[in-house]
Amino acid sequence: MAKLSPLEETLLNGDSSASKNSDPIKTRENENLTRNSNPGFFSILSFSWISPLIKIGNERTLNHEDIPLLGSDDSANGIFQTFRSKLESECGSVRNVTTLKLAKVLFLSTWQRILLSGLFAFLYTCASYVGPFLIDILVQYLNGEYMFRNEGYILAAAFVAAKLLESLSDRHSMFRIQQVGVQIQAKLVAMIYAKGLTLSCQSKEVHSTGEVINLMSVDAARIGEFCWYIHRPWMCVLQVSLALLILYRSVGVASIAALAATVIVMLINHPVSSWQEKFQSKIMEFKDKRMKATSETLKNMRILKLQAWEMKFLSKIIQLRRAEEIWLKKFLAGTAITRFLFHNAPTFIAVVTFGTCVLIGIPLESGKVLSALATFRILQIPIYSLPDTISLIAQSKVSLDRIVSFIRLDELQTDIVQKLPWGSSDKAIELVDGNFSWDLSSPNPTLKNINLNVYHGMRVAVCGTVGSGKSSLLSCIIGEVPKISGTLKICGRKAYVSQSPWIQSGKIEDNILFGKEMDSEKYEKVLEACSLTKDLEVLPFGDQTIIGEKGINLSGGQKQRVQIARALYQDADIYLFDDPFSAVDAHTGSHLFKECLLDLLKSKTVIYITHQVEFLPDADLILVMREGRITQSGKFNDILSSGTDFMELVDAHRAALSSSIKSLERRPTFKQTSTTEENKNSLTDFEYEQNEEKIYDENNNKDDTNELKGQLVQEEEREKGRVGFNVYWKYITTAYGGALVPFILLPQTLTVGFQIASNYWMTVATPVSTTAEPDIGSFTLMVVYVALAIGSSISTLARAFIAVIAGYKTATVLFGKMHLCVFRAPISFFDATPSGRILNRASTDQSELDMNIPAFVWAITLNLIQLLGNIVVISQAVWQVFIVLVPVMAACIWYQRYYSASARELARLVGTCQAPVIQHFSETISGSTTIKCFEQESRFNDINMKLIDRYSQPKLYSAVSIEWLNFRLDILSTLTFAFCLVFLISFPNSFTTPGIAGLAVTYGLNLNSLQSNIIWFICNVENKIISVERILQYTSLPSEAPLVIKDNQPDSSWPSFGEIHIRDLQVQYAPHLPIVLRGLTCTFTAGAKTGIVGRTGSGKTTLVQTLFRLIEPVAGKILIDSINITLIGIHDLRSKVSIIPQDPTMFEGTVRTNLDPLEEYTDEQIWKALEMCQLGDEVRKKEGKLDSIVTENGENWSMGQRQLVCLGRVLLKKSKILVLDEATASVDTATDNIIQQTVKHHFAECTVLTIAHRITSIIDSDMVLFLNQGLIEEYDSPKKLLKNKSSSLALLVEEYTRRSDSGFGN
């Protein structure tokens, strides 16, 4: 296995502190491991081996390093391999997996633990019926009917021994089965991850990243939770059978009526189960759609804010949630009905049984009645748990079905590429008669009749118009495009640089090393070749700077160069570059081409796609592509004269440059209003980008801990200590201000009151023995009992429905609040927050809020009221119980508080350790092509296994610790029960009648289960309420400026001219960071075309972001048509200014929704815009025309086509101000000319600001603004600037022209 890199440690530890995993911590981990691995018999029996962890948690806040390591039989890596091999031997191939087969293999892979837990469950069930069996004998003993000497004490001993056995077996059964649950969840998550790495392109379209995240975070967890209920079905049969035996002994043939009543209750299960399964399936279906939309929206939040579309996309998510809520309401109503039916089932069975006794004349004695009541009470356990079991079986089946449908998806063909051993061929790549298609069902292949021979050490350039198949050619060499026919042979290891940069969150160094060992000499060479050395020197953390998710805190050029450095460091044999030079400026592009392709890689095989003609002369072979075919191939000068396609590309490039320069000579000089500040300091390529991107820290010499605070991405915020009362208060009062709380507590109290009254009535109204005459007639006995039972039923129905209404309302309100706050948060929040954290709250935490938390919260109050009722009943017979009860209760509270400190932190760690699993998966999916090309699948699988283990650790030990507590509480409650028994037996008939004494013992039997229920529910609520706490964290985020300021709204015609005045503009990203724009003053005259130039990092992007108020200025102002933009609403501003951004973005949906998400334009207007941006014919070819499907991230459109769609958006918007931010980086020169001509023609009267690396894009401007280190270096007409041969613009044009004419090798 590859060595764990610091990047992986960063992921595993949630922050950069990973690298500081010092030896003492490892030692402590090993000590914990030893405690777990070698415990003694008593330690295992009493769960004492977990005591040191609970002690640490009580002394200080638990950290992940304190938790014992998992044993090899619990670790994901070990168990997954066994599981996978069993699944493959069972099914042959994962494509043949069915729900039944997957369930079978999951069972067989953990059968020993399931069997052991089943044995404990059997012992628990048998022990729980000892009490009801003995109760009648005890009542007769108290009535003076002795069978032998000391019978009473032997009875008491039997009661207590049965209670201890029941407690021990229940605790160990629960722990073992939760261990199985954690294992099963780990296996499923590992399998989903491994499958995600092998999916074909068509399969990725079927399941979005958001949907697969749901499979990992919700479905796998649900199947793990189902393990808790795995023994319930057979236990239910055993419990009913034992109950019938005891009932037959107590009430004779009336037990048949009890059986009939039980069967009726069971038969109601079927429709309830099918309803719940259907509702659950629908909830998950709509939740998938919501998560898919949320994931896509978070990824593209910057573009949504620039376009003022974020509230529209929020409303789309809210609509999807509304659709989900329709089924959620039905599911919760079903849950309330099942609770009502089953909570009343014991009462219904009792009424039927006692009614049958009265009808057929079986005498009822208080001892036999109490035995029956105790039996009905235990019968409540299977009947109470039946709704949850049914619901979870339904949910688990749905989840298994969903996981199986994902596992059965098509994988990448393994026979696309034939890999040859190194040195076995003189050809690096040999492609013969290749036909490839992204969509195998399409009659028109993506690549047609491709024949290509690339020898070792060749440099091959690929060029062609937008959508001609250039990127597909590289993808086919990697093995990503399904093959129709032909043979493809590759000899050597590959490295790949994608067109859209893929950067992992983590340190810059680890992104470059990418799993390789550090070789300082090679590393420095690579940094130098990629112009990264000086930039890293400027950074306070150097190459240890942590990059945000998707490289969010790097510019497009920076990301691309880190990507190139990663490829170079791999020292591969074949290099595939997908147009990496378009994202960097002309000077940097030249440097990269020279240093990387012509120097470092001079002996390597290189295939590079480029739209820049100046990079073509140095190629040994040029491939010209059109419509998926290679139309020309050869050297530069050879093919220039042999065909039209290549000539068109070259002529377009030359024409663009010469016409731009010539047009300067004819143009009158534009009137200029500016303040020029000279700053001729030398500038490294990205020197000041760090200011822009918030990774500076003023104090470079702080210690490690302080330094980490300067990093952009911090460890996820984790609350410490007890969950604040305000969290509970907010939860309870969110729905209708807490008005429903009394209406839940009152029916709960009435339910318990009616149940106690009915049992009390049956005890006092029946004689103690057959010899005594009954005081109350049979008819009266049953009428009163039935009346009390009906009262209890009505109260149960009321509390079930009111609790569901309160829970649903709370979940809905908090969902709305959190999403509104997230969508209104400033862009800096999204830069610093990995989307996994937000998705985790919207998925897992929201699920807890929807389904579980309300049930747990109100179960606590119900159980507390029942416990108080029990104590009241017991004290009626033995008031002396308070002598023991008070210290026992005090001890219970002490234990609970001692335990809860650790439990809370373990639950929080479970929450924070899940996000890295999701984030790592999300990153893996988006970079799967790079990972596969670099053959790093096994390393990424290993990282995933470690992340799963890191998540399983707190989850498993949280389960152990709750059993640790329950065992101790059970011992204490058994002590109370033993005291009561000894007291009653020692002083029979001294205090109360045998019937009431028997009733007290009956309620005493239930004492420990009630007490452990309360603690279990309290602990669960403490753990689950953390989901509320995490959601509440995101309901109080800082917000952007108001969308609209009604008192200061500009006219609908604003801006009518488009003049932009910038006055002493100063911008910084945060108060502790340096100023990026340092006092800019200039005017962009209305209707002028201004080119903004400067090396990457000079402040161009910051200026654009400030114009759109993604960043607010700290001083100075920007006026548009004399209106200060900081005084109006941000939507009023952003909706009136247009931008074509650097990263062309398309959303899942249709062509129409991508061009007009706000639904403001007619079809005619949309078609007109498509024609103007040269996409009309392309869309007409598609079957759905304007309604043709766009997949996630616009993956079924080429990069250039996506950029043209962005052009279409601004053509529709028709703003007076247009910003082009590297808008033509992803298109060839000919298409660039089309975009420039379209802008020139259709935005002739508009103010246009163009940031571009291509000189041809800005040389034709009226004015050129040259920025350097946040200051204006030059601002004048290009004509004047070019006359001054020493001006920065003149030097750039000279270099660009020289390169275009001669290339680099000459």
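Source: prediction; values computed, not measured.
Here the two rings, on His819 and Tyr1034, have centers that are 6.0 Å apart or farther. The ring of Phe313 has its center closer than 6.0 angstrom to the ring center of Phe1147.
Side chains of Ile838 and Phe829 form a contact here, defined as non-hydrogen atoms less than 4.5 Å apart. Thr1150 is listed as a side-chain neighbour of Thr1153, based on a closest heavy-atom distance under 4.5 Å. The shortest distance between side-chain heavy atoms of Leu1043 and Arg824 falls below 4.5 Å. Gln280 places none of its side-chain heavy atoms less than 4.5 Å from the side chain of Trp327. Looking only at side-chain heavy atoms (C-beta outward), Leu1037 and Val822 come within less than 4.5 Å of each other. Taking the side chain as every heavy atom from C-beta outward, Ile925 and Val212 never approach each other to under 4.5 Å. Considering only heavy atoms from C-beta on, Met216 comes within 4.5 Å of Phe921 through its side chain. In this structure, the side chains of Tyr731 and Leu849 come closer than 4.5 Å at one or more pairs of heavy atoms.
In the displayed structure, Lys809 atom NZ is contacted under 6.0 Å by at most 12 heavy atoms of other residues, nucleotides or ligands. The number of heavy atoms from other shown groups lying within 6.0 Å of CZ (Phe743) does not exceed 12.
In this structure, Glu848 pairs ionically with Lys1024, as a charged nitrogen and a carboxylate oxygen lie closer than 4.0 Å. Using a 4.0 Å cut-off between charged nitrogen and carboxylate oxygen, Glu325 and Arg321 count as a salt-bridge pair. Taking 4.0 Å as the cut-off between side-chain N and carboxylate O, Asp401 and Lys397 count as a salt-bridged pair. No salt bridge links Asp1156 with Arg1209; every basic N to acidic carboxylate O contact stays at or beyond 4.0 Å. Ion pairing of Glu1040 with Lys305 is present here, as a side-chain N (NZ or NE/NH1/NH2) and a carboxylate O approach within less than 4.0 Å. Looking at Glu285 and Lys282, a side-chain N of the basic residue comes within less than 4.0 Å of a carboxylate O on the acidic one, giving a salt bridge.
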### Task
Could you check Leu909 against Lys955 for side chain to side chain contact (heavy atoms under 4.5 Å, CB included), going step by step and ending with a plain yes or no?
CA-CA 8 Å; Leu909 284 166; Lys955 199 172 170 68; over 6 Å; no
### Task
Begin with the C-alpha distance, continue with both residues' side-chain angles, and end with the deciding distance and a verdict on side chain to side chain contact (heavy atoms under 4.5 Å, CB included) for Met191 and Ile407.
CA-CA 8 Å; Met191 184 167 64; Ile407 293 167; 2.9 Å; yes
#### Entry: Verdict with reasoning, Ile303 to Asn300, per side chain to side chain contact (heavy atoms under 4.5 Å, CB included)
CA-CA 6 Å; Ile303 184 72; Asn300 300 303; 3.6 Å; yes
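Checked by atom type, the side-chain pair Gln1033/Arg841 shows a donor-acceptor distance below 3.5 Å. Residues Gln846 and Asp850 bring a donor and an acceptor atom of their side chains to less than 3.5 Å of each other. Of the N and O atoms on the side chains of Lys299 and Thr1145, not one donor lies less than 3.5 Å from an acceptor on the other residue. Side chain to side chain, Ser217 and Asn840 fail the donor-acceptor criterion of an N or O pair below 3.5 Å.
Screening Ile744, Leu332, Ile337, Thr796 for a side-chain contact (heavy atoms from CB on, under 4.5 Å) with Phe801, the sole residue that qualifies is Ile337.
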